[in-house]
2 protein chains.
Amino acid sequence: MSRVFNTPEVVSQQTRQLVLGVAAEIGYLPNESARTLATKKSNMVGLVWDTDHRRPGWRHPFLQDILVALKSALSAHGLHLLMLAPDQSPGLDSEHRFLRAVQRHNVDGVVIIDNGSRDPAVLALADAEVPCVALDLRYTGPTCTYITSDNTGGGRLAAQHLIERGHRRIATITGPLPAYPAVQRLDGFRAALAEAGVPLPDDAVVSGDWYLDSGHAAMKQLLERDPRPTAVFAAGDEMAVGALRAVHQAGLRVPDDIAIVGFDDIEVAALIPPGLTTVAQDKTGIGTSAAEALLAMLPGTAAAPEPTALPTKLIVRGST
Amino acid sequence: MSRVFNTPEVVSQQTRQLVLGVAAEIGYLPNESARTLATKKSNMVGLVWDTDHRRPGWRHPFLQDILVALKSALSAHGLHLLMLAPDQSPGLDSEHRFLRAVQRHNVDGVVIIDNGSRDPAVLALADAEVPCVALDLRYTGPTCTYITSDNTGGGRLAAQHLIERGHRRIATITGPLPAYPAVQRLDGFRAALAEAGVPLPDDAVVSGDWYLDSGHAAMKQLLERDPRPTAVFAAGDEMAVGALRAVHQAGLRVPDDIAIVGFDDIEVAALIPPGLTTVAQDKTGIGTSAAEALLAMLPGTAAAPEPTALPTKLIVRGST
DNA sequence: TTGTATGCGTTATCAT
DNA sequence: ATGATAACGCATACAA
């Protein structure tokens with residue numbers, strides 16, 4: 001009887017023991033499909049993560065940390081995480097391929113891992129009624145919120161650090177500028193420089209695509225300026241590593257000739273000589289916060305919590 | 001009508017058009033729970049991956065690559081990947097917490113990501129009747145197989161490379177020795193040395209735990225030998241990086257004083273100076289092969305395919 | 001407190 | 001080729 005498992009307080013000791021005994025004996029296990037069918041709740045959270053290889057977003061090395069934290073936090077509440085295959089049913093519009101997959105499974109909520117492309121099929125989820133948390137994708141709605149790092153604050157941290165170290169000719173390598181985190185990091189960086197009266201001319205701002213090669217190319221471009229900058233803030237660690245390499249190839253030293261600050265604190269940052277000073281994201285916190293935001297919405301009654309921006313932290317290493 | 005969707009060839013053009021038209025009009029979507037309940041097939045593959053933070057196995061940086069490849073390959077066949085929360089129902093034995101989760105959901109198959117601990121709750125899955133593919137966990141059964149890299153062959157590659165480079169005083173840092181990949185890599189390495197008549201004394205074999213610090217400690221120990229080795233094979237890249245650091249701290253140079261070969265080809269290997277020569281695992285291949293092995297078992301009729309050992313590849317960089 | 005019946009949305013079986 | 005109906009396993013509302 002389902003009462004014994006779901007509302008034990010309403011059943012007598014006797015029958016409870018009896019039922020539990022029999023259940024154990026025959027190895028009874030509740031069937032989740034039947035349960036979902038009857039209750040319209042599945043104890044599953046959908047994960048929408050487009051890993052299509054034509055899109056590079058999924059390669060970001062700290063997604064694993066976020067994912068593990070997310071999964072652990074959800075598991076602690078008995079929630080499973082369903083990595084959804086897009087619904088490719090022939091004849092149906094592909095705009096809703098994720099939304100359809102979500103709806104077919106009665107998932108209790110959805111987590112969106114953004115690949116930075118603002119795919120319409122992903123955006124369509126926010127219009128649905130299902131509780132929804134996006135990571136690094138700025139999207140809100142009645143049942144939709146998002147979690148990011150405090151990218152603006154992180155940009156400020158980088159600027160303040162370089163200023164404190166006495167730098168005045170400062171440049172930056174940004175992420176792809178339509179992307180939300182890229183814009184925010186640049187804004188914070190620029191604001192902190194402005195407050196300190198340090199100039200940031202337009203040609204000291206070069207944009208990359210988060211990946212190593214673009215950081216390398218951008219730094220080469222920056223090194224051609226005269227006078228060249230004494231410090232560079234790369235808005236992502238991979239780009240910072242590329243920049244580091246360009247500096248070395250130019251026969252210059254880090255941090256003596258040029259100081260470099262990155263963003264993210266991925267594994268390489270600590271391992272690469274001379275150690276990359278970087279603005280660390282709280283990867284575990286992002287995953288955990290996403291789970292919490294979702295849990296807050298699960299009752300169905302509560303409105304979407306405010307977007308959360310998690311604090312970043314400056315990690316000083318040898319590159320500054 | 002379900003016939004229109006599942007067996008369109010048995011229904012007339014007329015009614016097909018009619019039903020499809022109405023379905024589109026009212027936005028009909030099949031309910032997966034009901035479908036699963038009726039068919040006992042869920043189009044879901046369970047992922048058993050114990051990310052408990054007390055166990056460090058989940059941190060391995062290339063799991064993300066495997067996971068993405070696995071998910072993509074499954075998605076291409078319309079299969080969703082369910083990351084299962086262990087079933088912690090009070091009063092039930094924890095030995096079967098994963099098995100129970102698997103059974104409750106009617107998943108069509110299971111993929112096991114091993115954390116190296118041979119958790120009994122994980123092993124219990126192989127006794128079930130559900131198709132089952134393990135990664136780097138040597139386990140077979142009527143419905144259970146596994147995918148690994150050819151660790152033995154990889155160990156050989158490392159040894160042959162060092163021998164070709166003219167090294168004769170060679171040492172190795174192994175993984176934790178009960179672990180299957182650790183044993184295999186050592187076996188292959190040892191065999192290739194023996195065939196070439198190069199000795200590998202017992203005190204030239206030190207074991208670590210895959211992580212950086214253990215590689216660092218192991219290398220310090222190896223450097224105390226007299227005469228010290230001219231080449232070291234670290235059976236994992238993180239340990240190799242630790243070893244690299246220990247060499248530098250001892251005031252020695254890589255590769256001039258000591259050559260180092262790693263295993264895995266994680267991101268850092270390419271980024272860290274002077275570039276780490278390493279035995280690359282085919283991460284995408286592992287994920288894809290796991291999906292294929294599972295798909296081969298899905299009909300339910302087929303026996304488990306033979307275990308697959310994917311070829312490894314030597315990537316020569318500056319450290320040798 | 002406990003038993004019973006109906007519904008959840010789909011598939012599958014049996015007639016038609 | 002199509003229509004009707006009984007499972008599938010559980011939750012729930014209603015009776016007892």
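Keep in mind that what you see is a predicted model, and the values were worked out from it rather than measured. Letters go in sequence order (proteins before strands), and every chain restarts at 1.
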Between [N] ([atom2]) and [X] ([atom1]): distance, integer Å:
X        : N      : atom1 : atom2 : result
B:Leu37  : D:dA11 : CG    : C1'   : 13 Å
A:Phe5   : D:dG9  : CZ    : C1'   : 13 Å
A:Lys41  : D:dG9  : NZ    : C1'   : 19 Å
B:Tyr28  : C:dG9  : OH    : P     : 10 Å
A:His105 : C:dG9  : NE2   : P     : 16 Å
B:Arg104 : D:dG9  : CZ    : P     : 15 Å
B:Gln17  : D:dT2  : CD    : P     : 12 Å

Requested in this report: Anything under 30° is parallel, anything over 60° is perpendicular, the rest tilted; go ahead and classify A:Tyr28 against A:Phe5.
Outcome: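 Aromatic pair A:Tyr28/A:Phe5 classed tilted.
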
Requested in this report: Count the heavy atoms of every other residue, nucleotide or ligand shown that sit under 6.0 Å from CD of A:Glu129, and state whether that count exceeds 12.
Outcome: no

Query raised in the report: Starting at the 5' end of DNA chain D and moving along, which residue's nearest nucleotide shows up first, A:Leu29 or B:Val11?
Result: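 Looking at DNA chain D, the more 5' nearest nucleotide goes with B:Val11.
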
Report task. Mind checking B:Leu18 for me? I need base, sugar-phosphate or nothing, with any heavy atom below 4.0 Å counting as a touch. Result ->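 It contacts nothing in the nucleic acid.
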
Requested in this report: Answer with base, sugar-phosphate or nothing: what part of the nucleic acid does B:Thr15 contact at a heavy-atom distance below 4.0 Å?
Outcome: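 B:Thr15: backbone/sugar contact only, no base atoms under 4.0 Å.
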
If you check every side-chain atom of [X], which of [options] has the closest atom?
X       : options               : result
A:Ser12 : D:dA11, C:dT1, D:dC10 : C:dT1
B:Arg35 : C:dC8, C:dT11, D:dA1  : C:dT11
B:Asn31 : C:dT11, D:dG9, C:dT10 : C:dT10
A:Asn6  : C:dG9, D:dA11, D:dT2  : D:dA11
B:Lys40 : D:dC8, C:dT10, D:dC10 : D:dC8
B:Thr39 : D:dA11, C:dA12, D:dG3 : C:dA12

**Report entry** B:Thr15 versus B:Ser12, side-chain donor and acceptor atoms under 3.5 Å
**Finding:** yes

Requested in this report: Confirm from the modelled atom types if A:Arg3 and C:dG3 form a donor-acceptor pair under 3.5 Å, side chain to base only.
Outcome: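 Yes, the side chain and the base share a sub-3.5 Å donor-acceptor pair.
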
Query raised in the report: Quick check, are the ring centers of A:Tyr180 and A:Tyr139 under 6.0 angstrom apart?
Result: no

Requested in this report: Could you check B:Asn43, B:Val45, B:Thr288 and say which one makes a side-chain contact (heavy atoms from CB on, under 4.5 Å) with B:Leu74?
Outcome: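 It is B:Val45, the one option of B:Asn43, B:Val45, B:Thr288 that forms the side-chain contact (heavy atoms from CB on, under 4.5 Å) with B:Leu74.
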
